Amino acid sequence: MGKLDGKVALISGAAGGFGAELVRVFAREGAAVVAGDIVGESGEQLEREVHTAGGRAKYCHLDVTLEKDWGNAVQEAISRFGKLDILVNNAGIVPRNAPIEERTVEEWDRVMAVNARGVFLGTRFAIPAMREAGGGSIVNVSSVAAIGQSQIMEAAYAASKGAVRIFSKVTAAQHAKDAIRCNSVHPGPIDTGLLRGVLSNPEILNRRLGRIPLGRLGKIKEVVAGVLYLASDEASYTTGTELVIDGGALAQ
Ligand SMILES: NC(=O)c1ccc[n+]([C@@H]2O[C@H](COP(=O)([O-])OP(=O)(O)OC[C@H]3O[C@@H](n4cnc5c(N)ncnc54)[C@H](O)[C@@H]3O)[C@@H](O)[C@H]2O)c1
């Protein structure tokens, strides 16, 4: 029996990194998955891969900054698979590294639009569908940047992820009455495409590794396992909490 048998999930940023692996694992665990992203080619390839493995997935063009795309994505889940039980707000971007005084307003707004507005919009569109389904689970992918390590964090990214952290708690408190749970996941540095760009400088990489008690980058599957737990009914009494997956970095 799968951990998500009978569930319908919508995952944003589903074509790469955590998102693609979430689609594979959720489908393997029995969920029907709408995989939303702005990278159509990889998304459609992932859809075929899941079908070949005997699972159910549908790629859907979803720019998380746009209301109309969220409306379409939630509608896709309902019309194709009958309902929506799980939303993983995973899409996110990292801006070029820059001190606060050199950050442009355009860059700031773009990071906030994808990382924070995207989570708000996904939640806003998912709530009525989840209420209709009798409840649901929202998992928001934030970051350790939302909680600490401020000396090495980039301000716009950290602010956007901090917004996601507290937004998750307010969502949990306001929608417990609808049987909708909402939690945030806070990965430290994990070996994905997004991070390889940021840590391509060996000096920055070594500085980050030196701050991780387990002494290595995390693996995608180590984050996916946490998201799966929070999405599933195994976490039925867990809402408004934050799951840190960071090799011990924040524990110091
Ligand atoms: N990799 C890490 O170390 C790490 C650490 C902490 C948090 N995170 C967070 O995890 C999430 C996933 O990161 P990842 O490492 O898998 O990144 P990634 O770059 O490998 O994948 C991100 C995905 O989001 C998609 N995306 C970007 N803009 C989008 C938009 N406007 N609408 C829809 N999709 C969009 C991209 O196309 C891509 O498929 C992000 O929210 C990121 O901030 C990552």
Side-chain angles (χ1 to χ4, degrees), residues 1-14 18-36 55-58 60 62 64 70 73-78 80-92 115-116 118-143 146 161 163-187 221-245:
M1 231 182 86
K3 289 183 177 156
L4 301 179
D5 278 345
K7 305 282 190 193
V8 178
L10 169 56
I11 299 172
S12 73
F18 300 154
E21 190 58 13
L22 281 166
V23 173
R24 294 186 192 101
V25 170
F26 276 31
R28 210 181 302 142
E29 291 291 341
V33 185
V34 174
R56 290 177 299 161
K58 177 77 186 101
C60 172
L62 169 64
V64 295
W70 274 112
V74 170
Q75 199 43 49
E76 184 76 42
I78 294 168
R80 191 167 287 266
F81 301 123
K83 58 176 180 164
L84 180 67
D85 305 293
I86 296 165
L87 169 66
V88 183
N89 281 309
N90 165 70
N115 294 4
V119 172
F120 150 65
L121 284 178
T123 304
R124 196 180 91 186
F125 279 89
I127 283 169
M130 288 182 173
R131 199 185 281 124
E132 184 69 25
S137 173
I138 301 172
V139 184
N140 294 327
V141 181
S142 178
S143 165
K161 293 300 188 180
V164 171
R165 175 180 179 235
I166 195 63
F167 180 76
S168 304
K169 294 182 192 304
V170 176
T171 303
Q174 291 189 358
H175 291 283
K177 66 179 184 328
D178 300 314
I180 297 171
R181 296 183 295 105
C182 182
N183 295 286
S184 54
V185 171
H186 300 262
K221 67 175 188 186
E222 292 170 322
V223 175
V224 168
V227 176
L228 172 63
Y229 164 68
L230 291 170
S232 77
D233 290 341
E234 285 185 350
S236 51
Y237 197 55
T238 302
T239 195
T241 195
E242 47 197 67
L243 178 56
V244 175
I245 304 173

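No experiment lies behind these values; they were computed from the predicted model shown.
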Has N90 got a side-chain atom pairing as donor or acceptor with S12's backbone, closer than 3.5 angstrom?
yes

Is the closest side-chain heavy-atom distance between V34 and L84 below 4.5 Å?
no

Hey, could you give me the CD1/CD1 distance between I138 and I127, rounded to the nearest 0.5 Å?
5.0 Å

What's the spacing between S184 OG and F167 CZ if we round to 0.5 Å?
12.0 Å

Taking atom NZ of K3 as the centre, does the number of heavy atoms from other residues, nucleotides or ligands within less than 6.0 Å exceed 12?
no

Would you say the side chain of R80 lies within less than 4.5 Å of the side chain of V8, judging by non-hydrogen atoms?
no

Taking side chain as C-beta onward, heavy atoms only, is F125 less than 4.5 Å from L87?
no

side-chain contact (heavy atoms from CB on, under 4.5 Å) against R56, all qualifying residues, sequence neighbours excluded
A32, F81

Is any side-chain heavy atom of F18 closer than 4.5 Å to one of V141?
yes

side-chain hydrogen bond (donor to acceptor under 3.5 Å, both in side chains) with K161: which residues, sequence neighbours excluded?
none

Shortest non-hydrogen separation from A133 to K83 and the atoms involved
CB-CB, 4.3 Å

Counting distance only, does the side-chain N/O of W70 pair as donor-acceptor with the main-chain N or O of V64 below 3.5 Å?
yes

Can you tell if the side chain of I78 reaches within under 4.5 Å of the side chain of E132, non-hydrogen atoms only?
no

